[in-house]
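Shown next, in C-alpha cells, is the structure this report addresses.
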Amino acid sequence: MDETGAVKSDRIFAVGILKCPSPAVVQRPFQVMRDKNHFYQELKWNELNRRGLLPVYREAVDCFFRCGEATFASFVADKATR
C-alpha cells in the first residue's frame, strides 16, 4: 500500500494497494529485475522520463502482470470537486 499527495496541502490525494495471495510470486521477479538493472530506489512515477528509466519501469509493471494472481485497487480524491 502506498499513497501520493499530502492530505492537507495537495489538491489530489491517492492511495493504492497491491494484493497478492503469495507475495513471492511478484517479489522474486521484481528483485531479479532490480538486480539486473542495479535499480534499488523506490519507484517514483515523476522520475519516469529521467535517466532512461522507462525500460526499468516497464519491466517492473510486467512483473506484476506476469504473476496472474495479483490485483490492484486505488482511490483518488480531488479535493476541488465537491
Side-chain angles (χ1 to χ4, degrees):
M1 186 162 128
D2 201 10
E3 88 291 331
T4 186
V7 174
K8 289 188 177 186
S9 60
D10 290 339
R11 179 182 156 198
I12 304 291
F13 180 78
V15 177
I17 187 165
L18 175 65
K19 181 180 174 186
C20 185
S22 178
V25 172
V26 175
Q27 187 177 4
R28 282 190 191 115
F30 197 79
Q31 188 61 48
V32 169
M33 178 277 304
R34 284 183 178 276
D35 292 341
K36 180 180 89 175
N37 294 294
H38 306 285
F39 184 82
Y40 301 105
Q41 305 110 347
E42 181 178 355
L43 293 169
K44 298 230 178 238
W45 296 105
N46 65 340
E47 296 180 5
L48 182 61
N49 291 325
R50 297 181 193 170
R51 301 177 290 131
L53 291 176
L54 181 59
V56 174
Y57 278 46
R58 184 177 290 147
E59 197 170 343
V61 171
D62 285 345
C63 288
F64 167 74
F65 284 110
R66 279 193 302 250
C67 81
E69 298 178 23
T71 56
F72 175 78
S74 64
F75 170 80
V76 180
D78 181 348
K79 294 190 293 186
T81 305
R82 299 192 191 265

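All values below were derived from every heavy atom in this structure, side-chain atoms included, with hydrogens, water molecules and symmetry-related copies excluded.
Between C20 and P23, the shortest heavy-atom distance links the atoms O-CD, 3.8 Å. Across every non-hydrogen atom of G5 and D10, the tightest pair is CA-OD2, 3.1 Å.
Using modelled atom types, one side-chain atom of R34 and one backbone atom of F39 make a donor-acceptor pair closer than 3.5 Å.
Within 6.0 Å of CD on Q27 lie no more than 12 heavy atoms contributed by other residues, nucleotides or ligands. Around CZ of R66, the count of heavy atoms belonging to other residues, nucleotides or ligands within 6.0 Å exceeds 12.
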Please walk me through it: do F13 and T4 pass side chain to side chain contact (heavy atoms under 4.5 Å, CB included)?
CA-CA 6 Å; F13 180 78; T4 186; over 6 Å; no

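Going from atom OG1 of T71 over to atom CG of L18 covers 7.0 Å, rounded to the nearest 0.5 Å. In this structure, the separation between OH on Y40 and CG on D35 is 4.0 Å, given to the nearest 0.5 Å. With rounding to the nearest 0.5 angstrom, the CD1 atom of I12 is 9.0 Å from the NZ atom of K79. To the nearest 0.5 angstrom, F75 atom CZ is 13.5 Å from E3 atom CD. Taking CD of Q31 as the reference point, atom SG of C63 lies at 10.0 Å (rounded to 0.5 Å).
Tracing side-chain contacts under 4.5 Å through hydrophobic residues (I, L, V, M, F, W, Y), one never reaches V32 starting from F65; they form parts of separate clusters.
A 4.5 Å side-chain heavy-atom check between V25 and S22 finds at least one atom pair inside the cut-off. Residues M33 and N37 have side chains in contact (heavy-atom distance under 4.5 Å, counting atoms from C-beta outward). Using a 4.5 Å heavy-atom threshold, the side chains of L43 and F30 count as touching.
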